[in-house]
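The structure under discussion appears below in the form of structure tokens.
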Amino acid sequence: MLSLDEALSRLLAAAQPVAGIETLPTAAARGRVLAQGVVAGINVPSADNSAMDGYAVRVADAGQERPVLQRVPAGRWPAALPAGGVARIFTGASVPAGAEAVVMQEQCQTRTDEAGQVWVRLPEELQAGQNIRRAGEDIRAGSEILAAGTRLDAAALGLAASVGLAALPVHARVRVALFSTGDELVMPGEPLPPGAIYNSNRFTLRALLEDLGCEVQDLGIVPDQLQATKDALARAAAAADLVLTSGGVSVGEEDHLKPALESQGRLDLWQIAIKPGKPLAYGQIRRSDGSEAHFVGLPGNPVSSFVTFLLLARPLIRRLAGEAEPRNLQLPVAAAFEWKRPDARRQEFLRVRLQLDGRAALFQNQGSGVLSSLAWADGLVALAPGQLVQPGDVVPFLPLLLKT
């Protein structure tokens, strides 16, 4: 059996980002992957500005009473501050030339004289630069603020907008053709004949693909017939960068994916030392123009299909999408459970949920057919072959959802 790391390395080595770069409005680029690094054209902040509501002052005036000579709201460029005076200033407003510090309003005493002039008594101690956010303190003009290969989430989009970027260059979406094989499959809403099952994988995998920003072509259920399988593969490869299937990659008489694939490309059947999700098929399908589409065949068992997608197909798709670091995030967490029955030969992935105290609680039924465990869980705990767990042990946690 292949280790998970070896299988993943093989997949990533075989993949390059899909061709095509497009420029999108920044507001429409959430979840896409940057094709080129983004450089700031301005400083942020663009000028020294106040970190709070108060008074812009000269340090030499500490302990003195000084008149308020101007009012500086955010968005208005101030006049220079004359010697012997202060400026009323508000959070985010540009600091007047000549001002050396901002004093918060709560530290000052004010009075208004008979002529209507406002006077401010300043604290005894002032420090140059206090409560002033310097120009370029966050971002320097000419610096790279987002690297190529970054998946754009809310913070990244806000960062791009903060330097005035109205559009961003992104990789083309990964096109994925999805279908299931098996005469036993029926769609929800249809009558369930004896021996049939509802096709949950179609819904799970489509949602996982859409979470990754893929352009999904859903080909539905393909009958257990060799020619129908060949036709589906050819149609899928013609319009997709990746063809993803669940079920039908064994060597039984009713499993036609293997011979169909071998007639149209290349196929490897891998046994991976993980539980759940031992079998995986990977290969390429030839198109009529001589180019190739990637193929990944997941196991048909719903939990095995889901877990294998997360561990192997998701990093592959992230590489195709152009992400700089496609491997899954792992975080150390403390276990809130005991595990006394480890698999001696395979790496195990247990469905868990993080509690409010940060420890990982275990779903009690870890069977590979228990789809309810995934609906309950928010991550997987990875255990080495033969690893026992006691409450409090630190274990690797893999979030189910991708950060976008």
Side-chain angles (χ1 to χ4, degrees), residues 25-30 34 36-112 117-169 324 403-404:
T26 299
R30 180 176 179 269
L34 269 181
Q36 300 164 5
V38 172
V39 175
I42 61 169
N43 288 325
V44 178
S46 57
D48 292 355
N49 71 79
S50 177
M52 58 187 57
D53 294 347
Y55 298 91
V57 304
R58 296 176 184 273
V59 173
D61 291 337
Q64 305 298 311
E65 187 178 60
R66 292 290 183 258
V68 177
L69 301 182
Q70 65 173 310
R71 182 177 184 274
V72 187
R76 183 179 303 172
W77 189 252
L81 182 65
V86 301
R88 179 73 167 113
I89 196 167
F90 298 91
T91 303
S94 297
V95 176
E100 299 166 323
V102 171
V103 184
M104 62 190 303
Q105 59 192 20
E106 291 84 357
Q107 295 179 336
C108 299
Q109 297 176 346
T110 62
R111 69 177 179 87
T112 304
Q117 173 65 56
V118 177
W119 294 77
V120 176
R121 180 164 295 280
L122 303 177
E124 295 293 333
E125 294 186 6
L126 296 174
Q127 293 183 348
Q130 72 182 61
N131 301 320
I132 294 177
R133 296 183 292 215
R134 296 299 184 187
E137 180 180 292
D138 183 9
I139 300 168
R140 288 284 182 184
S143 64
E144 184 178 74
I145 59 169
L146 293 168
T150 300
R151 185 174 287 272
L152 296 167
D153 59 11
L157 294 178
L159 186 59
S162 76
V163 298
L165 293 172
L168 295 169
K403 177 180 175 289
T404 57

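Keep in mind that the numbers below use all heavy atoms, side chains included, and drop hydrogens, waters and symmetry copies. Only a predicted model underlies this, so the values are computations on that prediction, with no experimental measurement involved.
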message: Nearest 0.5 angstrom please: Leu126 CG to Asp61 CG, how far?
response: 8.0 Å
- prompt: Do Thr110 and Tyr55 come within less than 4.5 Å of each other through their side chains, counting heavy atoms only?
  reply: yes
- prompt: When rounded to the nearest 0.5 angstrom, what distance separates CD1 in Ile89 from CE in Met52?
  reply: 11.5 Å
- request: Give a yes or no on this: more than 12 heavy atoms of other residues, nucleotides or ligands lie within 6.0 Å of atom CD of Glu106.
  value: yes
- line: Note: Gln127 and Ala101 closest approach over all heavy atoms is O-CB, 3.4 Å
Where Ala160 and Thr26 come nearest, the two heavy atoms and their spacing: CB-CG2, 4.4 Å
- prompt: Of the non-hydrogen atoms in Pro96 and Ala56, which two are nearest, and what is the gap between them?
  reply: CD-CB, 3.9 Å
query: About how many Å separate CG of Asp138 and OG of Ser143, when rounded to the nearest 0.5 Å?
result: 9.0 Å
- request: Looking only at non-hydrogen atoms, find the nearest pair between Trp77 and Ala47 and report the distance.
  value: CZ3-CB, 3.9 Å
- prompt: Do Leu122 and Cys108 come within less than 4.5 Å of each other through their side chains, counting heavy atoms only?
  reply: yes
message: Within the supplied structure, the quantity of interest is the number of heavy atoms (other residues, nucleotides, ligands) at a distance under 6.0 Å from Arg76 CZ; does it exceed 12?
response: no
query: Okay, side chain of Asn49, backbone of Ala93: is any donor-acceptor separation there less than 3.5 Å?
result: no
query: With a 4.5 Å limit on heavy-atom distance, are the side chains of Leu152 and Arg30 in contact?
result: no
- request: Please examine the side chains of Arg140 and Asn43, heavy atoms only from C-beta on, and report whether any two atoms are closer than 4.5 Å.
  value: yes
message: With a 3.5 Å distance limit and no angle check, can you tell me whether Asn131 reaches the backbone of Ala51 through a side-chain donor-acceptor pair?
response: no
- prompt: Is a donor on one side and an acceptor on the other found under 3.5 Å between the side chain of Thr150 and the backbone of Leu34?
  reply: no
- request: Check whether any side-chain heavy atom of Leu81 sits under 4.5 Å from a side-chain heavy atom of Glu100, and report yes or no.
  value: no
- prompt: Closest heavy-atom contact between Pro169 and Gln36?
  reply: CG-OE1, 3.8 Å
query: CG of Leu159 to CD1 of Ile145: how many Å apart, nearest 0.5 Å?
result: 4.0 Å
field: Non-hydrogen side-chain atoms of Arg88 and Gln105 separated by less than 4.5 Å
entry: yes
Nearest non-hydrogen partners of Ala29 and Leu157, listed with the distance: CB-CD2, 4.1 Å
task: Could you walk me through whether Gln130 and Val103 pass the side-chain contact (heavy atoms from CB on, under 4.5 Å) test, one step at a time?
output: CA-CA 7 Å; Gln130 72 182 61; Val103 184; 4.2 Å; yes
- prompt: Is a donor on one side and an acceptor on the other found under 3.5 Å between the side chain of Gln70 and the backbone of Pro78?
  reply: no
Side-chain touch Arg66/Arg58, heavy atoms, less than 4.5 angstrom: no
- prompt: Checking side-chain contact (heavy atoms from CB on, under 4.5 Å) for the pair Arg133/Val102: CA distance, chi angles, key distance, verdict?
  reply: CA-CA 10 Å; Arg133 296 183 292 215; Val102 171; over 6 Å; no
